[in-house]
Undergrad: 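Sending over a structure as structure tokens; questions will come in a sec.
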Amino acid sequence: NLTGLGMAQHSLGNFNGAVAAFRRALELAQADHRLRMASIVMLNLASCYRQLGDITRAGALYQEVLHIRQAIGDHVGAGTTHFSLGITMHTVGNLAAARFHLNRACHILHEAADLQYECQVLSNLALLWHHLDDHEAALGYGVQGLRIAEEIGFHMYFSQAYTYLGHIQ
């Protein structure tokens, strides 16, 4: 399928090839009025554009995905999309927008009890507050994420959390 082809191209670093496959997959999903599938393809397409440095196009796609996910009642999907928007805004130095989207993601994912994703958002909030030179807030977010990770046994998170905490202290 075209989405699988796009994902394979993406994992190989062929982002232009991935864009072509994802665009075609998106056309098909939209023609069939499959909103959830369209939003998944759009997320992958936005990731490709972000990798290619087209932050404007990536951000616009993330916003569109956010509207779709809110419209279909996909709360976790809306949270993860806020997370993607937060990372994208942080990457381009729009720290106010990054803070907004990461906080929304954290709130939504906490309410949905998606603790693994919440850990990832908390570590990105820690990094954001570190860049804002508020090391106390950064440390608080990092420790909060680490506590949740320990609670749920999310071992993959430990090295990331300790790395971020090492940069903060």
Side-chain angles (χ1 to χ4, degrees), residues 1-92 94-128 141 144-145 148-149 151-157 160:
N1 77 28
L2 290 167
T3 302
L5 176 61
M7 292 172 82
Q9 293 297 317
H10 186 280
S11 68
L12 293 171
N14 181 2
F15 301 113
N16 289 316
V19 164
F22 287 137
R23 278 187 183 163
R24 183 68 184 122
L26 180 58
E27 289 171 10
L28 295 173
Q30 289 173 328
D32 291 341
H33 304 287
R34 295 181 297 152
L35 291 178
R36 186 175 305 277
M37 180 52 125
S39 72
I40 292 168
V41 174
M42 291 162 108
L43 275 177
N44 288 306
L45 191 53
S47 174
C48 290
Y49 286 131
R50 191 173 74 209
Q51 293 291 333
L52 291 167
D54 192 343
I55 302 302
T56 302
R57 192 175 280 174
L61 277 168
Y62 285 134
Q63 288 288 351
E64 193 172 343
V65 169
L66 184 58
H67 293 300
I68 291 170
R69 289 185 164 185
Q70 289 170 334
I72 63 175
D74 180 359
H75 300 295
V76 171
T80 60
T81 305
H82 274 293
F83 180 51
S84 295
L85 273 162
I87 291 170
T88 301
M89 294 299 103
H90 192 180
T91 300
V92 297
N94 187 341
L95 302 184
R99 189 172 77 190
F100 170 79
H101 287 293
L102 290 173
N103 280 324
R104 286 294 303 140
C106 195
H107 176 76
I108 292 167
L109 295 167
H110 179 77
E111 283 188 347
D114 189 329
L115 298 178
Q116 285 190 359
Y117 239 116
E118 186 180 356
C119 286
Q120 293 174 35
V121 175
L122 287 165
S123 72
N124 279 274
L125 277 165
L127 188 60
L128 173 67
Y141 283 113
Q144 185 181 353
I148 292 171
E151 218 175 275
I152 63 172
F154 187 24
H155 301 291
M156 283 182 16
Y157 177 79
Q160 179 184 9

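If you read the sequence from its start, that first residue is 1, and numbering goes on from there.
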Undergrad: Could you pull out every donor-acceptor pair under 3.5 Å between side chains of residues 15-22 and any protein atom, sequence neighbours left out?
TA:
none

Undergrad: Not counting sequence neighbours, which residues clear ring-ring contact (aromatic ring centres under 6.0 Å, His included) with Tyr62? List them please.
TA: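 For Tyr62, no residue satisfies ring-ring contact (aromatic ring centres under 6.0 Å, His included) once neighbours in sequence are set aside.
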Undergrad: Kindly give the heavy-atom pair with the smallest separation between Leu102 and Ile87, and that separation in Å.
TA: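 Closest heavy-atom pair between Leu102 and Ile87: CD2-N, 4.4 Å.
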Undergrad: Work out which heavy atom in Ala78 is nearest to a heavy atom in Leu66; give both atom names and the distance.
TA: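 Nearest pair, atom of Ala78 first, then Leu66: O-CD1, 3.6 Å.
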Undergrad: Please round to the nearest 0.5 Å and tell me the distance separating atom CD of Gln116 and atom CD1 of Ile148.
TA: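 Going from CD on Gln116 over to CD1 on Ile148, the span is 11.5 Å.
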Undergrad: Tell me the salt bridge (Lys or Arg N to Asp or Glu O under 4.0 Å) pairs involving residues 111-120, sequence neighbours left out?
TA: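 Checked against salt bridge (Lys or Arg N to Asp or Glu O under 4.0 Å) - neighbours excluded - no pair reaches residues 111-120.
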Undergrad: Please report the closest heavy-atom contact between His90 and Leu128, naming both atoms and the distance.
TA: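 So the two residues come closest at CE1-CA, 3.6 Å.
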Undergrad: Let me check something: any side-chain donor-acceptor pairs from residues 53-60 under 3.5 Å, sequence neighbours excluded? List them with distances.
TA:
{"unit_1": "Asp54", "atom_1": "OD1", "unit_2": "Arg57", "atom_2": "N", "d": "3.1"}
{"unit_1": "Arg57", "atom_1": "NH1", "unit_2": "Tyr49", "atom_2": "OH", "d": "3.4"}

Undergrad: Would you name the heavy atoms of Gln120 and Phe154 that are closest together and state the gap between them?
TA: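 Nearest pair, atom of Gln120 first, then Phe154: NE2-CZ, 3.8 Å.
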Undergrad: Please confirm whether the backbone N or O of Leu43 pairs with a side-chain atom of Ser47, one donor and one acceptor, at under 3.5 Å?
TA: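 Answer holds: no.
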Undergrad: Would you name the heavy atoms of Met89 and Ala98 that are closest together and state the gap between them?
TA: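 Where Met89 meets Ala98 most closely, the heavy atoms are CB-N, 3.6 Å.
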Undergrad: Using distance only, find each side-chain donor-acceptor pair of residues 27-39 under 3.5 Å and give its atom names and separation, not counting sequence neighbours.
TA:
{"unit_1": "Glu27", "atom_1": "OE1", "unit_2": "Arg24", "atom_2": "NH1", "d": "3.0"}
{"unit_1": "Arg36", "atom_1": "NH1", "unit_2": "Asp74", "atom_2": "OD2", "d": "3.1"}
{"unit_1": "Ser39", "atom_1": "OG", "unit_2": "Arg36", "atom_2": "O", "d": "2.7"}
{"unit_1": "Ser39", "atom_1": "OG", "unit_2": "Arg69", "atom_2": "NE", "d": "3.4"}

Undergrad: Taking the side chain as C-beta and beyond, is there a heavy-atom pair between Leu109 and Thr80 under 4.5 Å?
TA: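 Yes. Closest side-chain heavy atoms under 4.5 Å.
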Undergrad: When rounded to the nearest 0.5 angstrom, what is the spacing between SG in Cys48 and CE in Met7?
TA: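 Those atoms lie 10.0 Å apart.
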Undergrad: Could you state the interatomic distance from NE2 (His10) to CG (Asn44), rounded to the nearest 0.5 Å?
TA: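 So the gap between those two atoms works out to 7.0 Å.
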Undergrad: Just how far is it from atom OH of Tyr117 to atom CG of Leu122, taken to the nearest 0.5 Å?
TA: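 Between atom OH of Tyr117 and atom CG of Leu122 there are 13.5 Å.
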Undergrad: What's the separation between atom CG in Leu45 and atom CZ in Arg23, rounded to the nearest 0.5 Å?
TA: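 It comes to 6.5 Å.
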Undergrad: Determine, step by step, whether Ile68 and Met42 satisfy the side chain to side chain contact (heavy atoms under 4.5 Å, CB included) criterion, reporting the C-alpha distance in whole Å, the side-chain angles of both residues, the deciding distance to 0.1 Å, and the verdict.
TA: CA-CA 10 Å; Ile68 291 170; Met42 291 162 108; 3.8 Å; yes
Undergrad: I need the minimum non-hydrogen distance between Gly145 and Cys119, along with the two atoms involved.
TA: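 The answer is O-SG, 3.4 Å.
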Undergrad: Does anything in residues 1-20 pair up under salt bridge (Lys or Arg N to Asp or Glu O under 4.0 Å), and if so which pairs, sequence neighbours excluded?
TA: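 Every candidate salt bridge (Lys or Arg N to Asp or Glu O under 4.0 Å) pair involving residues 1-20 fails, so no pair, neighbours aside, qualifies.
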